[in-house]
Each structure stands twice: as C-alpha cells, then as structure tokens.
Protein chains: 2
Amino acid sequence: MPISIEKKCKDKGVKLTEQRKIIAKVMSESNDHPNVDDLYVRVSKIDSKISIATVYRTVKLFQESGILAKHDFKGSKARYEELNEGHHDHLIDVKTGEIIEFVDNEIEDLQKKVAEKYGYELVDHKLELYGIKKKS
Amino acid sequence: MPISIEKKCKDKGVKLTEQRKIIAKVMSESNDHPNVDDLYVRVSKIDSKISIATVYRTVKLFQESGILAKHDFKGSKARYEELNEGHHDHLIDVKTGEIIEFVDNEIEDLQKKVAEKYGYELVDHKLELYGIKKKS
DNA sequence: GTAGATGCAAAGTATTTGCGACAAG
DNA sequence: CTTGTCGCAAATACTTTGCATCTAC
C-alpha cells in the first residue's frame with residue numbers, strides 16, 4: 001500500500017520529488033505533532049542533504065493542499081500533523097506537552113449554533129483544551 | 001474613577017511607570033484586539049518617545065500578570081485584549097477580520113467534561129470560530 | 001524539453017536582550 | 001537610595017526568498 005500522503009499529492013497534482021516523499025513518510029510515521037525543527041532532524045536522518053528551506057516549503061505546500069494541518073499551540077512553535085478524514089480537537093497536557101486527540105460532536109453542533117446565532121456560517125474552528133493530569 | 005488596569009497593577013505589585021500608564025490607557029480604550037504594531041502606533045501618538053521594546057516588554061508583563069490576554073489567531077500576528085472578569089471566546093469573520101466576542105456556558109461545561117473524561121483537570125482553553133457572514 | 005523544485009545563503013519578520021541612563025517607591 | 005525600567009541598537013528565533021542548478025513528468 002502506497003503512503004496515503006503520496007496518493008494525495010498525485011490527486012492534487014503536487015509533484016512528487018524525493019524530498020517530498022521523505023517528508024511525507026516521516027509525517028506519516030509521526031504520532032506526535034512535530035514542529036519544523038523536529039521534522040528537519042528526522043528527515044535529515046534519512047537524507048542529510050535536505051535543507052531546512054525545503055522542509056519549510058514542503059509543510060507549507062502540504063498545508064495549503066490540505067495534506068497537513070498546522071497548529072499554533074500556546075507558547076510553542078508551529079506544529080504539524082497529518083490530516084485525515086476524521087476531524088478532531090486537542091487536549092494538551094500543560095506539564096508534559098503531551099497531546100490527546102478527541103472528538104465531541106455535541107460541542108461541534110453547539111459551535112455551529114453559536115455562529116448561526118450571530119448570522120455566520122461556520123467555516124472553520126479551533127478548540128484546544130489545556131489540562132493537568134489528575135492523580136488517580 | 002482610575003483606569004482598571006492601573007488598579008490591577010497596584011494590586012499585583014507591578015510598578016506603575018509613565019509608559020505603562022499610557023499603554024494601559026490605550027488598551028482600555030481599544031475595543032478591537034490590537035497587535036503590538038497597532039498598539040505602538042497608538043501609544044506613540046500620546047508619547048512619541050516610547051520604544052517598541054517597551055511595548056513588547058509591557059504586553060508580556062501584563063499578560064503574565066493576568067491583565068491582558070494574548071491571542072494567536074490564524075494567519076495574523078499576536079493580538080491583545082484587556083482581560084476582564086467575564087471570560088469569552090471569539091468568532092472571527094474570515095473575510096473582514098472582524099471579531100465578535102461570545103460566551104456559551106453549554107460549550108464551557110462540555111469542555112470540562114471532555115477533559116475529565118481523559119483524566120485531566122481543565123486549566124485553560126481556546127475556542128475560536130471562523131465564519132462567513134450570511135446574507136440576510 | 002520545460003516548468004517547477006532544491007540548496008544555499010542572504011533577507012525578512014517578530015520578538016528579546018545587554019547596557020548605561022533614569023525614575024518609581 | 002535602590003531596584004527595576006527605559007531607550008537604543010544589536011542579537012535572536014523563525015520563516016521566506018533570489019538565484020543558479022537540477023529533476024519529475
């Protein structure tokens with residue numbers, strides 16, 4: 001099975017270069033939400049000649065093509081994650097930085113209602129919860 | 001009546017300099033959510049000798065003291081607003097950049113529940129809705 | 001073959017900081 | 001007085017870009 005990001009590139013007419021394949025592969029295999037530096041380090045292990053400029057250009061391109069999502073969480077650099085069908089929001093552990101993905105349809109519906117109440121059609125949203133792990 | 005930001009500074013032991021008073025005043029009178037450049041322009045009209053470094057230092061200090069809130073809305077620079085008792089979230093018009101503040105207790109409660117479901121105590125959150133104005 | 005991608009280094013933005021002069025408490 | 005703040009310019013952090021070369025299609 002081909003890497004899903006590569007398939008998306010073809011579908012969207014994005015030229016598949018060696019560098020982009022590597023970046024796609026690394027992103028696919030990352031379960032955390034790496035920032036550009038993290039990504040550059042991981043990518044460099046596979047091909048040390050890839051420049052950071054290419055990494056920046058590629059994440060931007062992938063983001064504009066709807067392949068990756070960019071997140072600006074509080075107090076940290078921009079982080080990226082692969083975008084799949086299932087939309088989700090994030091719960092961030094303020095102590096460790098760990099990120100939990102979640103979906104809550106009830107909240108989603110309410111958001112739509114709030115937007116409508118003010119005469120808007122909701123086109124996008126951002127919901128981030130910041131929490132501290134409870135002792136159990 | 002003294003400006004509420006000045007009172008907060010005293011309460012929190014933040015030294016009240018002339019520059020801080022001016023920045024406090026400008027923020028109090030701003031109903032939009034200015035970024036540092038906007039703020040610097042407005043502040044300079046009152047005292048042209050204030051440096052941008054002081055504006056940066058002051059918004060950071062005020063933010064850490066819980067006097068101002070910093071927002072990183074999609075695709076724009078950090079913007080600031082005065083923090084009052086009433087918490088609220090933002091609905092951003094993606095065409096005009098206009099910002100509507102809203103409160104929805106139902107959503108707030110659900111957020112707390114979601115965090116708890118994963119074993120976390122909610123300490124903070126960010127909710128931004130991005131919408132397009134409907135024709136009416 | 002040609003349009004678009006890459007690497008490199010230089011240029012942009014946004015923000016922070018070292019330091020001597022200065023002002024608030 | 002003494003500690004913290006200010007203005008200035010230099011430094012830093014992150015990201016983008018011009019250009020000559022190279023590569024996918």
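Below, read A as the first sequence line, B as the second, and so on, with proteins coming before strands; counting in each chain starts at 1. Small disclaimer: the values here were computed from a predicted structure and weren't measured.
In this structure, B/Arg57 does not reach the D/dT5 phosphate: none of its side-chain N or O atoms is under 4.0 Å from OP1 or OP2. Look at B/Lys60 and you won't find any side-chain N or O under 4.0 angstrom from OP1 or OP2 of C/dT15. Considering only side-chain N and O atoms, B/Gln19 lies under 4.0 angstrom from the phosphate OP1 or OP2 of D/dG7. OP1 or OP2 of C/dG7 has at least one side-chain nitrogen or oxygen of A/Thr54 nearer than 4.0 Å. Distances shorter than 4.0 Å separate none of the side-chain N or O atoms of A/Tyr56 from OP1 or OP2 on D/dT16. One finds no side-chain N or O of B/Lys49 lying less than 4.0 angstrom from the OP1 or OP2 phosphate oxygen of D/dG7.
Rounded to whole Å, the distance from CZ on A/Arg20 to C1' on D/dA24 is 10 Å. In this structure, B/Ile52 atom CD1 and C/dT17 atom P are separated by 16 Å, rounded to whole Å.
At a cut-off of 3.5 Å, with distance as the only test, no side-chain donor of B/His71 or B/Glu128 sits close to an acceptor on the other residue.
With a 4.5 Å cut-off between side-chain heavy atoms of Ile, Leu, Val, Met, Phe, Trp and Tyr, the cluster of A/Leu91 takes in A/Ile100, A/Phe102, A/Ile107, A/Leu110, A/Val114, A/Tyr118, A/Tyr120, A/Leu122, A/Leu127, A/Leu129, B/Leu91, B/Ile100, B/Phe102, B/Ile107, B/Leu110, B/Val114, B/Tyr118, B/Tyr120, B/Leu122, B/Leu127, B/Leu129.
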Nucleotide N/O of nucleotides 20-25 of chain C paired with protein N/O under 3.5 Å:
{"from": "C/dG25", "atom 1": "OP1", "to": "B/Leu16", "atom 2": "N", "distance (Å)": "3.4"}

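Minimum atom distance to the side chain of B/Ser51 is reached by D/dC8, of the listed C/dT16, D/dC8, D/dT15.
Taking 4.0 Å as the cut-off between side-chain N and carboxylate O, A/Asp109 and A/Lys113 do not count as a salt-bridged pair. Salt bridge annotation for B/Lys95-B/Asp93: absent, with no cationic side-chain nitrogen under 4.0 angstrom from a carboxylate oxygen.
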